[in-house]
Amino acid sequence: MSDHPNSSTANTANTAQALDPTDKASVSNELEERLIDAEYKIWKKNTPYLYDFVMTHSLEWPSLTCQWLPKVKPVGGGGSGGTDSTAAAVEHSVLIGTHTAAGDQNYLMVASVNLPKGDAVVDNRQDEGDDGNDDDDGDGKKAAVDISASTAATYDEEKNEMGGFGNAAAGSSSAAIGKIEIRMKVKHEGEVNCARYMPQNHFVVASRGPDSDVYVWDLSKHSSFPDENSKPCPQVVCKGHLKEGYGVCWSPHKEGMLLTGSFDQTVCLWDVNAAISAKGSTSGTEVNPLSTFSGHTDFVEDVDWHHRDMNLVGSVGDDKAIMIWDVRNINPNKPVHRVEDAHTDDVNSIAFNPVNEYLLATGSADMTVGLWDMRNMKNPLQRFRGHSDQVYNVEWAPFNESILASCSTDRRVGIWDLSRIGMEQSPEDAEDGPPELLFLHGGHTSKVSDISWNMNDEWTISSVSEDNVLQVWNMAEEIYALDEDCYMVDGDEDEGDDKEDEDGVHSKKAKVT
């Protein structure tokens, strides 16, 4: 025993402090918030170098889902709607949902997003009174004083931050660019876990909520904004699951064929075409599954349809398994291919490559993205490591078979380039991540729930996060164009190196977070 007279009191006080979990949690949360805020400020400061444009829109409620719709139309220019030749912007549409607090109405929504048309000159920033000595970053480099016209972005001198397109002066040709607006709201029963449009008719949308039913909506039969006293009225209600789920996928081959996964450990196949197209059909027409696939031993998290073989579908779940099914088999309990322990934790997402019939990707709670060859699925071709928390979703780019996107709880969206696998790296580059990690989007301050590639505007992505944010962004062309130049047959390697040094552009800087 210590002879110090105050030793007992001091030990008691220290013990009391150590056993107080509330204070520990409070300090931990505060430190995490400060870290997130610091990372976000660094990201904002670097946006002029990393992006052609970034648009951030605060939603009333967070969305768990997002998907670009295929229809576009010109806006601005000579008239109110503009024409293809005079329009300064193009209106795109994105499908999102709500996850409201208890008791508040949820909605399936369509938002319009005005993107710049090609390389049209809009909001070209003038550098007035510049004496060439403006060093905003303190590192000898000027912080994007002359932002290119193609980005159509604005720059806040006081905050040293990049703004969105929406800051264009009223009445200017670029005023419409960057505008994000909710154009349609359809009442939904509970939060929208996932929503996906049918490829053959983008007005038809399937959605999942907190109950076991799968809803199918024909948006052309709904008003833009519902009556306050109305109730949710989907055109079709698919009944067959016993629990809620997230996985939804339409067949790209046959109209009306729908695939869903559920927490009841099953995958269901539906044909809703007759119910949707029937004349005089009323809302709420019930449809039973054509087939139920039973093989998973835990929650089914995601499903996908093969893009080349109309009979093959895939599913993944919390049992860490990948299963490939043949839809010609009725109510099977055995898949065509089964990969046990595909990951070391829950498998949250699966995506078949749209071009290469043998490749598929998976995203897992083990923080990795798996790349698989269906001809030999004993082991993955590659495991992509770059996220620091579980991967929620993976999606292939529609314009390039080697480009893949992933989103994660770590607040990041990763862009992966298969053509870079195995490339040599300097120790400095290796610190930023593996060579196949082309870009790491750090614009979100909460976990990213979903992502979607824009099929009408290459390299443009929408992403939604739990802090009510919808972002639309396009990485700087120099980042991916630099790699494309490296593979040109008649390119000059020395010339490419000179350009990299002169412009100070390198893919590793895209990972500033």
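E228 meets the side chain to side chain contact (heavy atoms under 4.5 Å, CB included) test with no other residue; sequence neighbours excluded. Every residue two or more places apart in sequence or in another chain that forms a salt bridge (Lys or Arg N to Asp or Glu O under 4.0 Å) with D450 is listed here: R196. H99 pairs by the ring pair (Phe, Tyr, Trp, His ring centres under 6.0 Å) definition with nothing, not counting sequence neighbours. Contacts of Y107 classified as side chain to side chain donor-acceptor pair (under 3.5 Å), with partners at least two apart in sequence or in another chain: none. Partners of T98 according to the side chain to side chain donor-acceptor pair (under 3.5 Å) rule, which considers only residues two or more places apart in sequence or in another chain, are N106. Among residues two or more places apart in sequence or in another chain, the side chain to side chain donor-acceptor pair (under 3.5 Å) test is passed with Q390 by N348. Every residue two or more places apart in sequence or in another chain was checked for a ring pair (Phe, Tyr, Trp, His ring centres under 6.0 Å) with Y197, and none qualifies. Considering only residues two or more places apart in sequence or on other chains, K239 meets the side chain to side chain donor-acceptor pair (under 3.5 Å) condition with D213. Take D373 and apply the salt bridge (Lys or Arg N to Asp or Glu O under 4.0 Å) test, not counting sequence neighbours, and it matches R375.
The main-chain N or O of P226 is never found under 3.5 Å from a side-chain atom of S230 such that the two would form a donor-acceptor pair. Checked by atom type and distance alone, the side chain of S223 pairs as donor or acceptor with a backbone atom of F225 at under 3.5 Å. In this structure, S408 contributes its side chain and D389 its backbone to a donor-acceptor pair below 3.5 Å. Judged by distance alone, the side chain of H296 and the main-chain N or O of D298 form no donor-acceptor pair under 3.5 Å. Looking only at distances, no side-chain donor or acceptor of D341 sits under 3.5 Å from a matching main-chain atom of H343. No donor-acceptor pair under 3.5 Å is formed between the side chain of E301 and the backbone N or O of V316.
Y40 has its ring centre no less than 6.0 Å from the ring centre of H444.
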* Do T344 and K320 pass the side chain to side chain contact (heavy atoms under 4.5 Å, CB included) test, and can you show the C-alpha distance, the side-chain angles, and the key distance before you say yes or no? -> CA-CA 7 Å; T344 59; K320 309 173 190 175; 6.0 Å; no

* Criterion salt bridge (Lys or Arg N to Asp or Glu O under 4.0 Å) on R328 and D326, from CA distance to verdict -> CA-CA 5 Å; R328 292 171 294 188; D326 190 326; 2.8 Å; yes

* To do: Take V355 and R308, measure what side chain to side chain contact (heavy atoms under 4.5 Å, CB included) needs, and give me the verdict at the end.
  => CA-CA 8 Å; V355 178; R308 296 292 178 179; 4.2 Å; yes

* Would V272 and C238 satisfy side chain to side chain contact (heavy atoms under 4.5 Å, CB included), going step by step from the backbone distance to the final call? -> CA-CA 8 Å; V272 301; C238 301; 3.8 Å; yes

* Evaluation steps, salt bridge (Lys or Arg N to Asp or Glu O under 4.0 Å), between E189 and R208 -> CA-CA 9 Å; E189 195 69 47; R208 302 296 306 272; over 6 Å; no

* To do: Please assess M374 against I324 for the test side chain to side chain contact (heavy atoms under 4.5 Å, CB included), listing each intermediate value before the final yes or no.
  => CA-CA 9 Å; M374 292 179 61; I324 309 298; 4.2 Å; yes

* Begin with the C-alpha distance, continue with both residues' side-chain angles, and end with the deciding distance and a verdict on salt bridge (Lys or Arg N to Asp or Glu O under 4.0 Å) for E39 and R411. => CA-CA 11 Å; E39 289 180 346; R411 313 183 305 277; 2.6 Å; yes

* Asked: For R420 and E436, what are the C-alpha separation, side-chain angles and deciding distance, and is it a salt bridge (Lys or Arg N to Asp or Glu O under 4.0 Å)?
  -> CA-CA 5 Å; R420 295 164 55 95; E436 58 270 18; over 6 Å; no

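What you find for N456 and L69 is that their closest heavy atoms are ND2-O, 4.1 Å. Closest non-hydrogen pair, N114 versus A89, comes out as CB-CB, 4.4 Å. Closest approach of S462 to W68, counting heavy atoms only: OG-NE1, 3.3 Å. Scanning both residues, V300 and G261, for their nearest heavy atoms gives CG1-CA, 3.8 Å. For T460 against N474, the heavy-atom pair with the smallest separation is OG1-ND2, 3.0 Å. Residues V94 and C66 come closest through the heavy atom pair CG2-CB, 4.3 Å.
Residue E91 forms a salt bridge (charged side-chain N to carboxylate O under 4.0 Å, His left out) with just one option from K71, R183, K179, and that option is R183. Of the options T362, D302, D304, a side chain to side chain donor-acceptor pair (under 3.5 Å) to S349 is made by D302 and by none of the others. Each of V472, D457, I180 was compared with H92 under the side-chain contact (heavy atoms from CB on, under 4.5 Å) criterion, and only D457 meets it.
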Let me check something: any side-chain donor-acceptor pairs from residues 199-206 under 3.5 Å, sequence neighbours excluded? List them with distances.
unit_1: Q200; atom_1: NE2; unit_2: S251; atom_2: O; d: 3.1
unit_1: N201; atom_1: OD1; unit_2: F203; atom_2: N; d: 3.1

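Residue pairs meeting the ring pair (Phe, Tyr, Trp, His ring centres under 6.0 Å) criterion with at least one member in residues 374-404, sequence neighbours excluded: F384-W416, F399-W453, F399-W459. The ring pair (Phe, Tyr, Trp, His ring centres under 6.0 Å) analysis of residues 316-338, with sequence neighbours excluded, yields the pairs F293-W325.
Using cut-offs of 30° and 60° for the angle between ring planes, the F352 and H306 rings count as tilted. A parallel orientation is assigned to the rings of F263 and F299, their planes being inclined by less than 30° (bins at 30° and 60°).
Atom CE of M198 is separated from atom CG of N273 by 6.5 Å, given to the nearest 0.5 angstrom.
In this structure, a donor-acceptor pair under 3.5 Å is present between the side chains of E244 and N193. Side chain to side chain, T445 and D467 meet the donor-acceptor criterion of an N or O pair below 3.5 Å. Remark: the S112 side chain and the E181 side chain contain no N/O donor-acceptor pair separated by less than 3.5 Å.
Between L371 and P380, every side-chain heavy-atom pair lies at or beyond the 4.5 Å cut-off.
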